[in-house]
There are 2 protein chains.
Amino acid sequence: MFKAMAMKVEKVSELTTNRLSLYLRCLEGLAEAGRLTISSDDLAREFHFNSAQIRKDLAYFGEFGVRGKGYEVETLRDNLRSILGLDKCHKVALIGAGNLGSALVDYYGFHQRNFHITAVFDSDPDKIGQRVKNIEISDMKNFSSVAKRDNIEVAVIAVPGTAAQSVLEIVSAAGIKAVMNFAPVPLKVSSDVKLNTVDLTTSLESLSYFLAQPPRTNGSETLLKSARAQGFTAVKNKR
Amino acid sequence: MFKAMAMKVEKVSELTTNRLSLYLRCLEGLAEAGRLTISSDDLAREFHFNSAQIRKDLAYFGEFGVRGKGYEVETLRDNLRSILGLDKCHKVALIGAGNLGSALVDYYGFHQRNFHITAVFDSDPDKIGQRVKNIEISDMKNFSSVAKRDNIEVAVIAVPGTAAQSVLEIVSAAGIKAVMNFAPVPLKVSSDVKLNTVDLTTSLESLSYFLAQPPRTNGSETLLKSARAQGFTAVKNKR
DNA sequence: TGATGTGAAGCGGTTCACAGCC
DNA sequence: GGCTGTGAACCGCTTCACATCA
């Protein structure tokens, strides 16, 4: 199917894998639009990436292109899905059945990406036993046993900052290796656990800082910039 | 009050300001715990930063420390708040009254950081006129006039990916300069607008990639790593 | 003495530019 | 001819190490 997969043992930067995620989304759009083939230059132009970076990112995982022609859209899309592990279903436990947590249960992106929330936990006695979207809220005390029973691979932490560290320790002790955290606190974790913190507070404060700066007198410059989220490039591109 | 503020015109990296946000949170905790003074070394040890980096980050904005002594916790905290513009209230418009959007209206972090959601927009006729937490949902058609009337400075986009680009253009045309986006699509924006995309899809896929990798045979290594969110360091720290 | 502030070194990611191949 | 894959240059962020100062 594909020539070389994970052949290079050298470490791939998280910046690279984050970009793969973007490339995949672009390719899905292109495939839906019926595009058969695309060059790294076209992809770069259309989505404001750098073409060399696209090629380098892909090269970590094999040779997917055809010289003189470009990349086959559907093939590359499928390869990226496979590289990112999106061809397998992942069972997710949500911890914290507050506003944010409850919204996440419905989050379309989870379903779309083969992430299935199959358990919800809280420590509030008033919530335990209630249902969120047909999932009964379990007592956090039972996390380990329920997680093992349900083969949970991923935990989503949506509890107040004060509780986050202790929740993380329970989760980690239960053998969960992948955690998404929404609590805006610096957490410590064993190095074999992958922890992604989505830090809304810092994002907000970044906006606040921007607003506090004197407006750049850019003249009549109206350059478009691509809307890369934090985490896609190490260095802000000047143009 | 402070010796030098914003004296250096040289550009401050977003990585730096993101870290200021973390330092601030640490200092708030320390102040609450009654700590009066702290050295960059202690701060680094306790929260897993690098002490030189802390000093350098702060040095962009002035000389806040006392040689041989360290930093005064409350003073530095107040300075950071001011630098980040958190001493002023920011009016926020939420666009998209779905699950995620509605949850955000309640998000404690907004209130805590002086961000006040004063308007909610949607384009679904069934939702317009309804209320989310006492805020009436307005027609997105009226965004510009309502935003001007209410002095909105910040827009939060929580609409489906397909609608995000056109919403962003409306927001941008209305003169909004700071946008937080939750739609997982690459958006294009004029360069005088600050756009922070919170990309849950990429975060998820990053976890998925991690799970798809063969487990690192780290031996018995049990290093703790600090839980920095994406966007705080350009380079993943090895230890 | 002890900790800050900072020049310089180190390092990793991005971009350039082109050899190699279809 | 056109585009990929990639070594090398480049660039910016991080870290070191120390002069400086309370």
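Below, chains carry the letters A, B, ... as their sequence lines are ordered, and counting in each starts from 1.
In this structure a side-chain-to-backbone donor-acceptor pair under 3.5 Å is present from N196(B) to S203(A).
Using the six-membered ring where Trp is involved, F61(B) and Y209(A) have ring planes that are perpendicular, over 60° apart on the 30 and 60° scheme. In this structure, H90(B) and F115(B) have tilted ring planes: the angle between them lies in the 30° to 60° band.
Both G68(A) and A52(A) lie near DNA chain D, and the one whose nearest nucleotide falls closer to the 5' end is G68(A).
Side-chain proximity of E63(A) to the nucleotides dG2(C), dG5(D), dT14(C) is greatest for dG5(D). The listed nucleotides are dC16(C), dT14(D), dG5(D); the one nearest the side chain of N50(A) is dC16(C).
Computed from coordinates, the K11(A) NZ to dG13(C) C1' distance equals 13 Å when rounded to whole Å. For F64(A) and dT4(D), the CZ to C1' distance is 13 Å, given to the nearest whole Å. Y60(A) has its OH atom 11 Å from the P atom of dT6(D), to the nearest Å. Straight-line distance from the CZ atom of R19(A) to the C1' atom of dT15(C): 12 Å, rounded to whole Å. In this entry the distance linking CG of N18(B) with P of dC13(D) reads 12 Å, nearest Å. Nucleotide dT14(C) holds its C1' atom 14 Å from the CG atom of L15(B), rounded to whole Å. At whole-Å resolution of the value, CG in L58(B) and P in dG5(C) are 8 Å apart. I54(B) places its CD1 atom 16 Å from the C1' atom of dC13(D), with the value rounded to the nearest Å.
Between R81(A) and D87(A) there is no salt bridge, since none of the side-chain N atoms of the basic residue sits less than 4.0 Å from a carboxylate O of the acidic one. Ionic pairing of E72(B) and R77(B) is not present here: no N-O contact between side-chain nitrogen and carboxylate oxygen is shorter than 4.0 angstrom.
Counting only residues at least two apart or in different chains, salt bridge (Lys or Arg N to Asp or Glu O under 4.0 Å) contacts with residues 162-171 of chain B are absent. Residue pairs satisfying the salt bridge (Lys or Arg N to Asp or Glu O under 4.0 Å) criterion with at least one member in residues 29-40 of chain B, sequence neighbours excluded, are listed as follows: R35(B)-D42(B).
Using a 4.0 Å heavy-atom distance criterion, S13(A) is classed as a sugar-phosphate-only contact.
Not a single donor-acceptor pair, N or O on each side, falls under 3.5 Å between the base of dG1(D) and the side chain of K69(A). Within 3.5 Å, a donor on the side chain of K56(B) pairs with an acceptor on the base of dT15(D), or the reverse. Residue R67(B) places no side-chain atom within donor-acceptor reach of the base of dG2(C), judged by atom type and a 3.5 Å distance cut-off alone. Under 3.5 Å, the side chain of R55(B) and the base of dT4(C) form no donor-acceptor pair of N or O atoms.
Put simply, Y71(A) has a side-chain N or O that comes within less than 4.0 Å of OP1 or OP2 on dG5(D).
Only at 4.0 angstrom or more do the heavy atoms of residues 25-45 of chain A sit from any atom of DNA chain C, so none qualifies.
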